[in-house]
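Worksheet for the structure shown next.
Below, all heavy atoms of this structure are taken into account, side chains as well, without hydrogens, waters or symmetry copies. All chains are named by letter (A, B, ...) in the order of the sequence lines, taking the proteins before the strands, and each is independently numbered beginning at 1.
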Amino acid sequence: MPMEKTFNAAEAEPRIYKMWEEAGAFKAGANASRDETFCIMLPPPNVTGHLHVGHAFNHTIMDMLTRWKRMQGYDTLWQPGLDHAGIATQLMVEKDLAETQQPKRTEMGREKFLGKVWEWKAAKGGTIEQQARRLGDSMDWSRSAFTMSGAESAPATEKPGNFHDAVLKVFVEMYNKGLIYRGKRLVNWDPHFETAISDLEVENIEVDGHMWHFKYPLAGGETYEYVEKDEDGNVTLRETRDYISIATTRPETILGDGAVAVHKDDERYAPIVGKLCEIPVGPKEHRRLIPIITDPYPDPDFGSGAVKITGAHDFNDYEVAKRGGIPMYNLMDTKGAMRADGKPYAEEAAMAQRYADEWLIRKGFKEKPDGLYIDTGEPHEATVAAMNLVPDEYRGLDRFEARKRLVADITAEGLAVMIPAPAPEPGPQPGDDTEVPDQVRDAGHWEPFVEAKKIMQPFGDRSKVVIEPMLTDQWFVDTAKIVGPALDAVKEGRTKIMPESGEKVYYHWLENIEPWCISRQLWWGHQIPVWYGPNADENGELEFPDERGQFQRPLQAFCANTPEEAAHQAAAFYGVTTEDIVPVADQNTGWSWLAKDDGDYPIWRDPDVLDTWFSSGLWPFGTLGWPAEDEAMKYFPGDVLVTGQDILFFWVARMMMMSEAILGQEPFHTVYLHQLVRDAKGEKMSKTKGNVIDPLDMIDAYGADALRFSNAQMAALGGVLKISEDRIKGYRNFGTKLWNAFSFADHYQIPYPGDAARPDATQTLNKWIIGETGKVRETVDAAMEAYRFNDAADALYAFTWGKVCDWYLEFSKPILQGDDAAAKAETEQTLRWVLDQCLILLHPIMPFITEELWQLADSRAKMLVHAAWPTYTAADLVDADADREMNWVIDLIDNVRSARAQVHVPAGAKVSLLVTGLDDKGQSAWDNNHVLIQRLARIESLSHVDAFPKGCVTIPMAGGTFGIPLADLIDVKEEIARLEKTMQKLGKELGGLRGRLNNPKFVASAPEDVVEEAKANLALRENEEAQLKAAIARLAEIG
RNA sequence: GGGUGAUUAGCUCAGUUGGUAGAGCGCUUCCUUUACACGGAAGAUGUCGGGAGUUCGAGCCUCUCAUCACCCACCA
């Protein structure tokens, strides 16, 4: 049955994939013939995810490696799975609820909502796993893992798994070792998702902002001499001020100011350090007074040199506040609106001022009042945090709206710093038109000092809203304690990051690592395995919450793998039996239990869940059954991690830290980092730009193999990845070329698979191609081992197309059509063998078309996916004589073709060929291969002559000069021009070679083989030159 | 502000211890020759971003300048 004209990818790929999958071809250990394992962990895509070009690239690399190792007989595992992706998934389900008119998340409650998420996951999640099959990914799907498997909320219909166990066990272990702690700290808060996020999830983007300058009046109307000096100490400004000037980009935070800080060496403010100033906003009668303190943080050269300190809403201020014990007032709710809870402003402000006054007195900012004075003591930080210092008129406003109102109100009150307004749009001015006209200044055109300014603003990487620093209780991994081994693993070379530049980036981040905030105020995720209970004092008396529901003493935490265990711990702590420990749904119901005081001890679970990356960090062993005893743990540590550079910190560094901390081993020996996949112009793909390339469209149009080959080909280490449809198309054509090579064999009715063994070739032609195959196998393996996939792809392309198809198949025609049965048989066998090698070597890159061609054979012992990868070397297979001879033949054909084309000999016309001075080697090369040469160069006959006749095209070759007599057909001038052009090129080369060899220093200092090579080269070129010169001289005679 | 990478043919990019530049696409000309027009044959195209240095020799090493990209960073 004749072959189809081309490979029908659309029809064949699903069929072939199904065959592989049904045969269990990708299962862990399939085709293993040795004990060594090879394991790659797929970076788990979001359960909500769809396949994009980045995945397609990534997967191609991993699949190439896995298929390659599997064919080599390794015990391979490519471990697939999905990430539960806390924020993204929760968001998607919430959207879905809204679209389908279902109750909101908060309305249905936690348990029911989680049920919805699981339902959603079962119905719509994991699309990407189906899409990945279209790429040909050879993952062991039966092992597909999920980072939320085994969670309490998981329905029975879910595939079983124990990833949740791993997460809890790790948390508990790290908690017990003191590597995880809880604390009230300033964290990045996402007002859209209403959760804390980690530093890494924040993108700092430069936006157009403003800096406002306001006056903070000194308490009691005090004044001071404000003096500015230039560098030389000359006074440039001297005035009496009753205020201190403050610059801010975030006026709404003024409400939470706890102090104003200046540098201790800033002479301008020396007179007022230690004095109090007034917050310039809010009801006049309740303006809080805050101290002017010194701190190293303010830069005297920036702004006014004085900084307002809002400890609860700015990371710098937070540090200053911590240093100075300055109260931090929380101003916003979880949505980023000004708080509307608590008591009326008057009461709150009064209370804050009372605490503040005591603090001021304690610190010596204020005189102790006469008479009896009782210090009520430091308020608990929770009490401070609970106070709402937002004046009533701003309560409930969005932070940006509040900003506008505050600016307007402060300005209206005359507390904005004023500057002369710039000139109105220049009407015609006499003289200088850049100067602000005096009459404008004099007329009192002043305006508030607001600088338009580029500011770096933090945005949530998913929500795209402005991140608010917020003072909240969160869980942290004490990364400083576990970072050491992860650093050492790379420094000591146990894990290698490729490209190497990644290592520097890795060091820099890890060496400056911040605590990792791992709690998220979400529902979809691993709920933190910590239960709280009221703390007891020395007498075992339980503490009651205060009127605001705050506990003055830290809560008692019980960290355990199960609620039972937690209850057990609690019982031991309170000195009661576990029956007395009563789990309650939340803290609020806990209070009521407390209030009853009936001998029960309530404990309630932390409602927060863990950062998704906390669980992803356990991926290298959580997928292998850990913490259960599982045979699959033999695949740990894995081998290579292939992932995008962008998640080096998010994921790679965390896996390194967690694997080292929990198992004491690095999770892989190599990290292959790649860049973002961009469009052909190098731009990021985005829906708004409309330049998104969907890999599935590419597969539909050109087949998965073409896309994969394109991916492999652009995988230069560290390179920019630009995907281009033209390229993919080109590799589809390459597939067709390969297809047609088999069609060729089919055409000549060569038995398939025939004798698959490599023949012991006698024909030069066959020896040569066998040697070339040996070379390419070595090149491909070396490239693969070095992760230079582009080199592997290029080598195979050049071999298959440039050597096998362009030359070998052409050369084989005369033999295949000839009468020499022995030569024919040998050539048939060689051809089959070589084509088989092409399939084997190309399989990791182009699995579908190669498997299809492989199985066109009548019978195969194994599928190609399990065929044995060859180990022959160039040294084994290259026959130097055959190599030289065939290259000479190719050279001659090339030269004749070139000469013919240039003097316009019709392509179809056969010409006779002359030769002079042919040496023995040349003669035997001709004798052995004249049939091929005559056929491919369209030559009628060869005649030996002493001298070329007039009008002859000259072809200089090693070992003889060939010529094509064209008598009158030849345009002498044109031929001279052609030869001279060749001479010119040759002249350049000769110049270089002679220059080097004539330089005694070169001969003295260059390595011997380089010198030898240059000499040999020179001799060859000189010979060629002589031939050309003679030819030109001959032509000149007739010309 | 710190860091990393890039700059090579019209385009997109390779170029692994320094030995005198390559691929694909595109372009030009010819060819419907019995595997293949998703093809064959031939061809054109580069002072390797600028400058300096080291070296017998530099696309590659050093310095410097320029442009671009990305990452990190708290300047109110």
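Note on A/E810 versus A/K813: salt bridge recorded, some NZ/NE/NH1/NH2 to OD/OE distance being below 4.0 Å.
The CG atom of A/L738 sits 17 Å away from the P atom of B/C38 (whole-angstrom rounding). Residue A/R900 contributes atom CZ, which lies 11 Å from atom P of B/A42 at whole-angstrom precision. One atom, CG of A/D794, and another, P of B/U16, lie 14 Å apart when rounded to the nearest Å. Atoms CG (A/N895) and P (B/A42) sit 10 Å apart, rounded to a whole Å. In this structure, A/I728 places its CD1 atom 21 Å from P of B/C11, rounding to the nearest Å. Atom pair A/N790:CG and B/G15:C1' shows a separation of 10 Å (rounding to whole Å applied). At whole-Å resolution of the value, OH in A/Y787 and C1' in B/A14 are 21 Å apart. Rounded to an integer number of Å, the gap from A/W807 CH2 to B/C36 P is 19 Å.
As rounded to the nearest Å, B/U32 and B/A41 have C1' atoms that lie 14 Å from one another. Going from the P atom of B/U7 to that of B/C48 covers 14 Å, rounded to whole Å. For B/G15 and B/G57, the P atoms lie 26 Å apart once the distance is rounded to whole Å. Nucleotides B/G5 and B/G10 are separated by 25 Å at their C1' atoms, to the nearest Å. Atom C1' of B/C27 sits at a distance of 10 Å from the matching atom of B/U45, rounded to the whole Å. Taking the P atom of each, B/U54 and B/A21 are spaced 24 Å apart, rounded to whole Å. Nucleotides B/A52 and B/G59 place their P atoms 14 Å apart, quoted to the nearest Å. Distance noted for atom P between B/C36 and B/G40: 12 Å (whole Å).
A donor-acceptor pair is defined here as one N or O able to donate and one able to accept, closer than 3.5 Å; such a pair exists between the side chain of A/R832 and the backbone of A/P751.
Applying the ring-ring contact (aromatic ring centres under 6.0 Å, His included) rule to A/Y787 yields no partners; only residues at least two apart in sequence or on another chain are considered. In this structure A/Y216 satisfies the side chain to side chain donor-acceptor pair (under 3.5 Å) test together with A/D257, sequence neighbours excluded. With sequence neighbours excluded, no residue forms a ring-ring contact (aromatic ring centres under 6.0 Å, His included) with A/H747. For A/R399, the side chain to side chain donor-acceptor pair (under 3.5 Å) partners are A/E468, not counting sequence neighbours. Residues passing the side chain to side chain donor-acceptor pair (under 3.5 Å) test with A/E940: none are found, sequence neighbours excluded. Contacts of A/K322 classified as side-chain contact (heavy atoms from CB on, under 4.5 Å), with partners at least two apart in sequence or in another chain: A/Y318, A/E319, A/M328. Looking at residues two or more places apart in sequence or on another chain, you find a side chain to side chain donor-acceptor pair (under 3.5 Å) between A/E511 and A/K491.
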Any protein N or O atoms within reach of nucleotides 25-34 of chain B? Criterion: under 3.5 Å, listing atom names and distances.
residue : atom : partner : partner atom : Å
B/U34   : O2'  : A/H747  : NE2          : 3.0

Under-3.5 Å N/O pairs linking protein and nucleotides 69-76 of chain B:
residue : atom : partner : partner atom : Å
B/C74   : O2'  : A/N316  : ND2          : 2.7
B/C74   : N1   : A/N316  : OD1          : 3.2
B/C74   : O2   : A/N316  : OD1          : 2.7
B/C74   : O2   : A/N316  : ND2          : 3.3
B/A76   : OP2  : A/K453  : NZ           : 3.0
B/A76   : O2'  : A/A247  : O            : 2.9
B/A76   : N6   : A/D299  : O            : 2.5
B/A76   : N6   : A/F302  : O            : 2.5
B/A76   : N1   : A/D299  : N            : 2.9
B/A76   : N3   : A/Y297  : OH           : 3.4

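Listed here is the closest heavy atom pair of A/R403 and A/R250: NH2-NE, 3.9 Å.
Distance from the side chain of A/C805 is smallest to B/A35 among B/A35, B/G19, B/A42. With B/C38, B/C36, B/A14 as the candidates, the nucleotide lying closest to the side chain of A/T736 is B/C38.
Annotation: of the two residues near RNA chain B, A/V1003 and A/F742, the 5′-most nearest-nucleotide partner is A/F742. When each of A/A901 and A/S501 is assigned the nucleotide of RNA chain B bearing its nearest heavy atom, the one mapping closer to the 5' terminus is A/S501.
A heavy-atom distance below 4.5 Å is not found between the side chains of A/C517 and A/I197.
Checking the phosphate oxygens (OP1, OP2) of B/C36, no side-chain nitrogen or oxygen of A/T6 falls inside 4.0 Å.
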Which atom pairs, donor and acceptor, lie under 3.5 Å between side-chain atoms of residues 733-741 of chain A and protein residues at least two apart or in another chain?
residue : atom : partner : partner atom : Å
A/T736  : OG1  : A/R732  : O            : 3.2
A/W739  : NE1  : A/E4    : O            : 2.8
A/N740  : ND2  : A/T736  : O            : 3.1

Sequence neighbours excluded and cut-off under 3.5 Å, please list the side-chain donor-acceptor pairs for residues 699-712 of chain A, or say none.
residue : atom : partner : partner atom : Å
A/D700  : OD1  : A/R134  : NH1          : 3.0
A/D700  : OD1  : A/R134  : NH2          : 3.0
A/Y702  : OH   : A/E725  : OE2          : 2.8
A/D705  : OD1  : A/F848  : N            : 3.1
A/D705  : OD2  : A/I849  : N            : 2.7
A/R708  : NE   : A/I845  : O            : 2.9
A/R708  : NH1  : A/D63   : OD2          : 2.7
A/R708  : NH1  : A/L135  : O            : 2.9
A/R708  : NH2  : A/D63   : OD2          : 2.8
A/R708  : NH2  : A/P844  : O            : 2.8
A/N711  : ND2  : A/A56   : O            : 3.3
A/N711  : ND2  : A/T60   : OG1          : 3.1
A/N711  : ND2  : A/L707  : O            : 3.3

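At the heavy-atom level, A/E810 lies under 4.0 Å from base atoms of the strands shown. Counting any heavy atom pair closer than 4.0 Å across all strands shown, A/K729 reaches no nucleic acid atom. Looking at heavy-atom distances under 4.0 Å, A/P499 makes no contact with the nucleic acid at all. Note on A/S898: only backbone sugar-phosphate atoms sit closer than 4.0 angstrom, heavy atoms only; bases stay farther off.
For the side-chain contact (heavy atoms from CB on, under 4.5 Å) test with A/V202, the passing option among A/N204, A/D199, A/I205 is A/N204; the others fail.
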Next on the checklist: Dot-bracket, 5' to 3', for RNA chain B please: Watson-Crick or G-U pairs under 3.5 Å, [ ] where pairs cross earlier ones, | where the partner sits on another strand, dots elsewhere.
Outcome noted: (((((((..((((.....[..)))).(((((.......))))).....(((((..]....))))))))))))....
